[in-house]
Amino acid sequence: MDLGHLLHLLIPSCNSVVILALFFAYLAIAGSILPGKVVPGATLPDGSRLHYRCNGLLSLLLMIGLLGFGAKMDFVSLTAISDRGFELLSTTFLFSVLVTLVLYAAGCKSSNRGSSLKPHVTGNLLHDWWFGIQLNPQFMGIDLKFFFVRAGMMGWLFINLSVLVRSIQDGTLSQSMILFQLFCVLYILDYFFNEEYMTSTWDIIAVRLGFMLVFGDLVWIPFTFSIQGWWLLSNKVELGTAAVVANCLTFLIGYMVFRGANKQKHVFKKNPKAPIWGRPARVIGGKLLASGYWGIARHCNYLGDLLLALSFSLPCGISSLVPYFYPIYLLILLIWRERRDEARCAEKYKEIWAEYRRLVPWRILPYAY
């Protein structure tokens, strides 16, 4: 593909704008009216708490059903996304830029002093636009941070499914494509089944909503995490039985560690006295969990995340590094984030963190790192 053709494909079209607008409109309406468990968020510095309606799974399944019905009636094309991948990428990127400029302008004009909407302006336009100036901006009663995370995860799934349909129509469906799709579907469905766990993550609790988060949610997650599917459309990979078994084990172990660790942390934050693996939780200084996975490594959830990312790429074989962009990027990111977390926790918990480090010496991978 030459540069000129690539640039032409990246030009947004009316169709890509309509697809994106309908997607956001559906999520806004479904998220507001469909039933779902209302989960209180973390207590903010001013004592307030936001509440989140966790109906993402129902919204997702309903949308899949509507698209299936629409395709059967010839109202929609299931390959609309895979046919316009580059267009949608550029359209979503431009939307991310525009919406964060609006968030910046609205935040600067805000006189709200509450923790969620109080503007944090440094005077550096680029810094404030990139990192955001408000913690939880809203639009028509919709928490935009929670909304964009949900949109990104669903977008990832719909890109994958559209690529799958294209593979079936082209007659190139392979065992590798099936494995990749299966692992991603299970991971994303699990995310929405446990959507309430997202409300206790650092991004939701403490990170302001700027271009960094919006771009990460709407562009980075759906369009880079799906690279393996795009690659498999034009590259045939034959996997042996041993490779398939190893790939499945990588996914299962990664899922067990990732979901288990995050669930333990979420449950501990809600109820510090809840048992871990059938035993009373070991807590350091009344604040830090040192039982279960958190007694094995200080950032064991990162290990599960890395194994899952690897399992998404292993179906592509080892002939190219392109399908391994996600796990390589994630490895770099999580090592950087782990170092950042260590510094922040050392400053926040002081001697309690030092004691935790003595008790749990391993950062991510026991006996290695």
Indicate whether the side chain of [X] and that of [Y] have a donor and an acceptor atom separated by less than 3.5 Å.
{"X": "Thr122", "Y": "Asn124", "value": "no"}
{"X": "Tyr356", "Y": "Glu351", "value": "no"}
{"X": "Trp220", "Y": "Tyr329", "value": "yes"}

Could you tell me which non-hydrogen atom of [X] sits nearest to which non-hydrogen atom of [Y], and how far apart they are?
{"X": "Leu117", "Y": "Gln134", "answer": "O-NE2, 2.7 Å"}
{"X": "Leu62", "Y": "Leu34", "answer": "CD2-CD1, 4.1 Å"}
{"X": "Trp156", "Y": "Cys184", "answer": "CZ2-SG, 3.8 Å"}
{"X": "Thr224", "Y": "Phe325", "answer": "CB-CE2, 3.9 Å"}
{"X": "Ala281", "Y": "Pro272", "answer": "CB-O, 4.1 Å"}

- Task: For residues 258-268, pull every pair meeting salt bridge (Lys or Arg N to Asp or Glu O under 4.0 Å), keeping only residues two or more places apart or in separate chains.
- Result: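 Only Asp190-Arg259 qualify under salt bridge (Lys or Arg N to Asp or Glu O under 4.0 Å).
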Tell me whether [X] at atom [atom1] has more than 12 heavy atoms from other residues, nucleotides or ligands lying less than 6.0 Å away.
{"X": "Lys270", "atom1": "NZ", "answer": "yes"}
{"X": "Ile318", "atom1": "CD1", "answer": "no"}
{"X": "Phe139", "atom1": "CZ", "answer": "no"}
{"X": "Arg340", "atom1": "CZ", "answer": "yes"}
{"X": "Leu98", "atom1": "CG", "answer": "yes"}

Hey, can you pull the donor-acceptor pairs under 3.5 Å for the side chains in residues 74-82, sequence neighbours left out?
{"from": "Ser77", "atom 1": "OG", "to": "Thr79", "atom 2": "N", "distance (Å)": "3.3"}
{"from": "Ser77", "atom 1": "OG", "to": "Thr79", "atom 2": "OG1", "distance (Å)": "3.1"}
{"from": "Thr79", "atom 1": "OG1", "to": "Asp83", "atom 2": "OD2", "distance (Å)": "3.0"}
{"from": "Thr79", "atom 1": "OG1", "to": "Arg166", "atom 2": "NH2", "distance (Å)": "3.4"}
{"from": "Ser82", "atom 1": "OG", "to": "Thr79", "atom 2": "O", "distance (Å)": "3.2"}
{"from": "Ser82", "atom 1": "OG", "to": "Ser162", "atom 2": "O", "distance (Å)": "3.4"}
{"from": "Ser82", "atom 1": "OG", "to": "Ser162", "atom 2": "OG", "distance (Å)": "3.1"}

[X] and [Y] aromatic centres sub-6.0 Å:
{"X": "Trp362", "Y": "Tyr367", "result": "yes"}
{"X": "Phe131", "Y": "Phe211", "result": "no"}
{"X": "Tyr326", "Y": "Phe225", "result": "yes"}

- Quickly, which of Glu342, Arg337, Arg363 forms a side-chain hydrogen bond (donor to acceptor under 3.5 Å, both in side chains) with His299? Name it, please.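 Only one option passes, and that is Glu342.
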- Query: Looking at residues at least two apart in the chain, or sitting in another chain, which of them share a salt bridge (Lys or Arg N to Asp or Glu O under 4.0 Å) with Glu238?
  - Reply: Lys236
- Any Lys/Arg nitrogen of Glu195 or Arg150 sitting under 4.0 Å from an Asp/Glu carboxylate oxygen of the other?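 Arg150 and Glu195: salt-bridged.
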